[in-house]
Number of protein chains: 2
Amino acid sequence: MKNQSETHHETRHTASLERMLSSFGPLGADDIAYIRDCFTGVLQTHAAGSPVILAPERNEARLVFKGWAARGAMLEDGRRQIVGLNLPGEMIVASGAVDTDMLVWALTDVVTIDGTAFWTGMSELRTQSPPLLEAWRHYRTAERLRMARQVIRLGRLNAYERTAHLLLELHERQARLGPVVAGVLHLPLTQDILADILGLSAVHMNRTLQQLRRNALVDYRAGRAVLQNLTSLAQAANLSADCGPSL
Amino acid sequence: MKNQSETHHETRHTASLERMLSSFGPLGADDIAYIRDCFTGVLQTHAAGSPVILAPERNEARLVFKGWAARGAMLEDGRRQIVGLNLPGEMIVASGAVDTDMLVWALTDVVTIDGTAFWTGMSELRTQSPPLLEAWRHYRTAERLRMARQVIRLGRLNAYERTAHLLLELHERQARLGPVVAGVLHLPLTQDILADILGLSAVHMNRTLQQLRRNALVDYRAGRAVLQNLTSLAQAANLSADCGPSL
DNA sequence: CGCTATTTTGACCCCTTTCAAGTGACGTGG
DNA sequence: CCACGTCACTTGAAAGGGGTCAAAATAGCG
């Protein structure tokens with residue numbers, strides 16, 4: 001449960017963020033430079049399981065540099081629901097994400113860096129670069145759409161469909177954050193956590209993954225999932241136009 | 001399935017919007033004036049069941065003036081999930097809400113008015129009024145939080161809890177849009193539609209409502225629901241701090 | 001006063017959960 | 001090097017919440 005701060009000023013902590021934003025709209029060299037200038041703070045380490053605490057009054061935002069974080073809620077009777085994930089290159093905001101009952105915590109060991117400057121810079125249009133703002137806007141829209149998809153998954157898909165649907169989303173999401181081998185998914189989550197994302201019991205999560213494995217759609221194990229057949233997986237996820245080029 | 005446009009320039013179509021924004025932060029007379037100036041367009045009527053089509057390329061936004069709209073998706077096998085509702089005084093945006101598979105449609109007869117000017121005005125900071133921007137930001141945050149709550153409802157609450165939870169949310173939401181009698185909820189939705197919001201079958205939705213009625217928590221009928229005991233309803237919804245002052 | 005849309009009801013089935021026990025894979029300490 | 005505890009993953013059996021189907025009862029409405 002360590003939560004210390006380290007003074008790091010390595011090469012670039014923003015590589016994933018840059019790549020992700022670029023995937024939403026081409027950025028210029030000046031945009032990249034601007035982004036890098038925004039993240040000069042101190043890295044902070046959050047041990048797996050520990051909360052990521054943000055200061056709402058400062059409108060604090062943090063960029064995930066390493067590891068996976070989750071935003072969600074825990075009911076007092078032990079039930080837990082993850083609303084959304086934060087992968088490296090993505091940002092965590094205090095407002096809205098965190099509230100009375102909503103909180104953010106580290107799923108794996110996580111390293112973050114302060115991104116308040118960047119966040120407020122974007123929302124207050126401190127940069128004049130239209131491409132950057134455009135990319136940013138698309139990113140925010142994609143986030144919104146992802147949440148909507150999460151609602152549909154939980155509301156109308158069964159366990160099998162949900163799982164396929166989520167894996168496909170994560171696959172396309174990782175492609176935005178950095179180069180990936182098609183079909184190979186870095187997935188450092190226990191089945192327990194996957195269950196909390198998909199609104200299932202851990203036991204049923206396990207059985208569903210086995211079913212996907214048996215059907216030769218997904219090979220999941222030890223922090224890594226291989227989507228062996230993207231098209232039939234998409235079919236299983238009940239995505240008609242859904243998983244198209246845009247996703 | 002009429003979808004005609006009418007030329008109306010009545011008193012104020014923005015009353016609910018004004019009230020709602022004010023509930024997030026006090027507005028000045030100039031802010032009210034600004035808002036009114038933004039909505040001088042032609043009213044548009046959407047018959048119940050018909051889609052509300054927005055132009056994403058124009059970044060079109062529309063203010064709901066009358067009636068209830070829904071944002072969601074329909075799977076090709078007939079399953080349908082509503083992601084979120086749009087009550088009078090709230091805005092519908094093209095980006096994010098509408099996509100390949102996501103769409104917006106009228107649940108009741110709906111009247112909307114173009115709000116693109118206001119929307120882009122807010123996101124591009126064309127107004128310099130800090131209070132207005134502050135209220136707007138809070139509104140957007142509340143929207144985000146609402147979606148997160150929808151995820152938690154669908155992921156971890158059972159039918160009974162879900163229903164109680166939703167009714168409480170709508171109750172507090174209507175209070176922001178205009179004066180309401182405590183506990184009385186204008187609810188122009190069929191059980192069919194409620195089921196599509198809560199991820200239930202219509203049959204089970206019906207049984208759940210009966211259960212709430214039997215327990216003297218909710219009296220639901222004909223476009224109107226009376227929440228007879230807010231505290232025990234909140235308890236049923238599994239809201240500890242959740243339904244507190246902020247919601 | 002019929003016609004259609006919505007609400008109810010009953011019976012049956014199955015997807016998921018729950019409970020409980022068992023198997024591995026590691027990492028630590030003796 | 002092996003016993004031991006922990007954590008994640010499996011498996012089995014039983015119960016339950018919610019879905020599905022189909023038909024009846026109401027409620028609206030022109």
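Here is how names work: the chains are called A, B, and so on, in the same order as the sequence lines, proteins then strands, and each is numbered from 1.
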Rounded to whole angstroms, how far apart are CZ on A/R213 and C1' on D/dC9? 9 Å

Start at the 5' end of DNA chain D and walk down; is the nucleotide closest to A/V203 or to B/V203 reached first? A/V203

Sub-3.5 Å donor-acceptor pair from the side chain of A/T190 to the main-chain atoms of A/I193, do we have one? yes

Does either side chain, that of B/T231 or that of B/N229, offer a donor lying less than 3.5 Å from an acceptor on the other one? yes

Spacing between B/L157 atom CG and D/dG18 atom P, to the nearest angstrom: 11 Å

Please report whether the ring centroid of A/F65 lies less than 6.0 Å from that of A/H13. yes

Taking OP1 and OP2 of D/dT10, is either one under 4.0 Å from a side-chain nitrogen or oxygen of A/Q191? yes

N-O pairing of B/R173 and B/E90 below 4.0 Å: yes

A/R156 CZ to C/dC15 P: how many Å, rounded? 17 Å

State whether the distance check finds a donor on one side and an acceptor on the other, under 3.5 Å, for side chain B/R207 versus base C/dG10. yes

Would you say A/Q210 places a side-chain N or O within less than 4.0 Å of OP1 or OP2 belonging to D/dC9? no

With a 4.0 Å limit, can you tell me whether A/Y220 has a side-chain N or O closer than that to the phosphate oxygens OP1/OP2 of D/dC9? yes

Would you mind telling me which residue lines up with the more 5' stretch of DNA chain D, A/L189 or B/S201, judged by nearest nucleotide? A/L189

Find the distance A/M205:CE to D/dT10:C1' and express it as a whole number of Å. 14 Å

Please tell me if B/N206 has a side-chain N or O lying less than 4.0 Å from either OP1 or OP2 of C/dT8. yes

Which whole-number value in Å describes the distance from B/L200 CG to C/dT7 C1'? 16 Å

Which of D/dA8, C/dT8, D/dG18 is nearest the side chain of A/T190? It is D/dA8

For A/R79 and C/dT17, is the shortest distance between a side-chain N/O and OP1 or OP2 below 4.0 Å? no

Quick one: B/R224 CZ to C/dT7 P, roughly how many Å, whole number? 15 Å

